Amino acid sequence: MLKVTVFKDERTLARALATQIAATLNETPDLVLGLPTGRTPVRLYHDLGTLHADLSRATTFNLDEFLGIGPDHPGSYRAFMAHHLFSRVNIAPERIHVLNGAAPDPEGECGRYERAVAGAGGIGLQLLGIGTNGHIGFNEPARELAARTHRVVLKESTRRSNAALFGGDLSLVPREGLSMGMATILQARRIVLMATGKSKARSVELAVRGPITTKLPASFLQLHPAVELMLDEAAAGLLGEHATF
Ligand code: GLP
């Protein structure tokens with residue numbers, strides 16, 4: 001069974017995780033972090049800024065990016081990260097890695113990214129959110145999952161939940177993305193998946209208790225030796241009794 005920690009609300013969760021990451025960075029300044037986007041990590045990123053977490057020697061790799069828009073596009077995950085994290089902490093710009101959705105050769109970009117992750121020594125701490133359909137990164141439920149960084153067609157539900165980045169206009173949300181693969185993620189030495197709100201309760205329950213299936217990519221986390229799910233009470237709502245922090 002995956003390790004699950006339940007917090008009374010999103011604020012407490014974010015603060016606890018930010019404090020933990022800041023402490024890890026003190027012990028391991030050259031930590032390689034894998035980072036998600038989405039609403040879930042926003043408070044965590046702000047708290048890392050408030051706590052003055054020292055990322056001066058850290059390296060980051062974002063999980064995914066939209067295909068067909070460049071890093072300067074306001075809807076890109078690169079822009080999201082600049083706004084919510086990179087502009088708030090002391091990370092060295094040359095150690096920030098985000099897939100380039102405007103790369104002329106997307107498959108080549110994926111290969112380059114895999115090599116960069118390997119070249120940095122692999123990911124030490126991978127943070128994850130979870131989609132309401134159980135996706136992680138842009139690894140969508142499917143008959144087959146890709147092991148390595150790859151190009152992916154986005155589900156309508158995923159595009160819809162990202163529409164806010166494009167002024168709420170679904171037609172502007174790219175139809176494809178680039179994403180780290182399942183093996184890229186599962187090779188991280190430690191993984192923390194965050195989930196908040198009732199809309200995540202079902203996918204969290206299936207990830208923890210359900211069969212390991214390509215129809216719910218997060219279920220593969222059950223195979224990893226060092227995963228922690230950090231949840232608020234609403235996201236843990238279908239897991240039964242838990243001590244709450
Ligand atoms: C997005 C991202 C994922 C993220 C997920 C959940 O599509 N590609 O990396 O974890 O959806 O987003 P949110 O935190 O907004 O619910």
Side-chain angles (χ1 to χ4, degrees), residues 7 9-11 13-14 17-18 33-47 60-69 73 75-81 83-85 97-101 110 113 123 125-142 145-146 149-166 168 170 172-182 184-186 188 191-207 216-221 227-232 234-237:
F7 296 86
D9 54 28
E10 199 180 328
R11 182 187 294 264
L13 188 167
L17 182 53
L33 277 162
L35 299 175
T37 52
R39 279 173 293 277
T40 314
V42 165
R43 207 182 275 270
L44 166 74
Y45 292 158
H46 292 198
D47 283 355
T60 64
F61 287 92
N62 264 80
L63 273 169
D64 47 15
E65 180 58 287
F66 294 108
L67 184 61
I69 59 173
H73 189 292
S76 70
Y77 282 165
R78 182 70 177 74
F80 175 96
M81 291 305 297
H83 176 67
H84 289 292
L85 182 65
H97 303 271
V98 185
L99 281 150
N100 180 3
C110 292
Y113 207 67
I123 290 167
L125 173 59
Q126 175 70 56
L127 305 178
L128 294 174
I130 184 170
T132 48
N133 65 3
H135 75 230
I136 48 178
F138 274 148
N139 293 283
E140 296 277 30
L145 295 175
T149 303
H150 61 291
R151 181 173 178 166
V152 65
V153 176
L154 303 176
K155 298 263 186 219
E156 164 116 3
S157 60
T158 299
R159 293 181 59 237
R160 208 183 292 282
S161 62
N162 280 281
L165 294 173
F166 297 85
L170 183 62
L172 298 178
V173 182
R175 292 178 184 278
E176 289 183 85
L178 300 176
S179 179
M180 278 188 195
M182 293 300 292
T184 324
I185 294 169
L186 290 168
I191 298 177
V192 174
L193 182 144
M194 291 167 275
T196 54
K198 204 174 163 202
S199 67
K200 302 293 172 68
R202 179 76 180 141
S203 57
V204 164
E205 183 196 21
L206 290 171
L216 196 104
S219 64
F220 279 81
L221 295 175
V227 181
E228 183 175 4
L229 269 63
M230 296 178 94
L231 311 172
D232 70 355

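A quick note: this is a predicted structure, and the numbers were derived from the prediction, not measured. Remember, it's 1-based here, ligands and their atoms both numbered in the order they're listed.
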- Message: Is the distance from the ring center of F166 to that of H73 below 6.0 Å?
- Response: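 Yes: the rings meet the under 6.0 Å criterion.
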- Item | Parallel, tilted or perpendicular: rings of Y113 and F61 (30°, 60°) |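 It falls in the perpendicular class, over 60°.
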- Message: Just to verify, what does L125 make a side chain to side chain contact (heavy atoms under 4.5 Å, CB included) with, not counting sequence neighbours?
- Response: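 Result, side chain to side chain contact (heavy atoms under 4.5 Å, CB included) vs L125: I21, L31, L33, L127, R190, V192.
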- Query: Pick from L44, L63, L85: which one makes a side chain to side chain contact (heavy atoms under 4.5 Å, CB included) with L35?
  - Reply: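 Single pass found, and it is L85.
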- Task: Identify the residue among P217, S219, P36 that makes a side chain to side chain contact (heavy atoms under 4.5 Å, CB included) with I136.
- Result: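 Result for side chain to side chain contact (heavy atoms under 4.5 Å, CB included) with I136: P217.
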Under 3.5 Å: N or O atoms of ligand 1 paired with protein N or O:
{"unit_1": "ligand 1", "atom_1": "7 (O)", "unit_2": "H135", "atom_2": "NE2", "d": "3.3"}
{"unit_1": "ligand 1", "atom_1": "7 (O)", "unit_2": "N162", "atom_2": "ND2", "d": "3.0"}
{"unit_1": "ligand 1", "atom_1": "8 (N)", "unit_2": "D64", "atom_2": "OD2", "d": "2.8"}
{"unit_1": "ligand 1", "atom_1": "8 (N)", "unit_2": "Y77", "atom_2": "OH", "d": "3.3"}
{"unit_1": "ligand 1", "atom_1": "8 (N)", "unit_2": "G137", "atom_2": "O", "d": "3.3"}
{"unit_1": "ligand 1", "atom_1": "11 (O)", "unit_2": "H135", "atom_2": "NE2", "d": "3.1"}
{"unit_1": "ligand 1", "atom_1": "14 (O)", "unit_2": "R39", "atom_2": "N", "d": "3.2"}
{"unit_1": "ligand 1", "atom_1": "14 (O)", "unit_2": "T40", "atom_2": "N", "d": "3.0"}
{"unit_1": "ligand 1", "atom_1": "14 (O)", "unit_2": "T40", "atom_2": "OG1", "d": "2.5"}
{"unit_1": "ligand 1", "atom_1": "15 (O)", "unit_2": "R39", "atom_2": "N", "d": "2.7"}
{"unit_1": "ligand 1", "atom_1": "16 (O)", "unit_2": "K200", "atom_2": "NZ", "d": "2.6"}

- Query: Do other residues, nucleotides or ligands put more than 12 heavy atoms under 6.0 Å from R202 CZ?
  - Reply: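 No, because the 6.0 Å sphere around CZ of R202 holds 12 heavy atoms or fewer from other groups.
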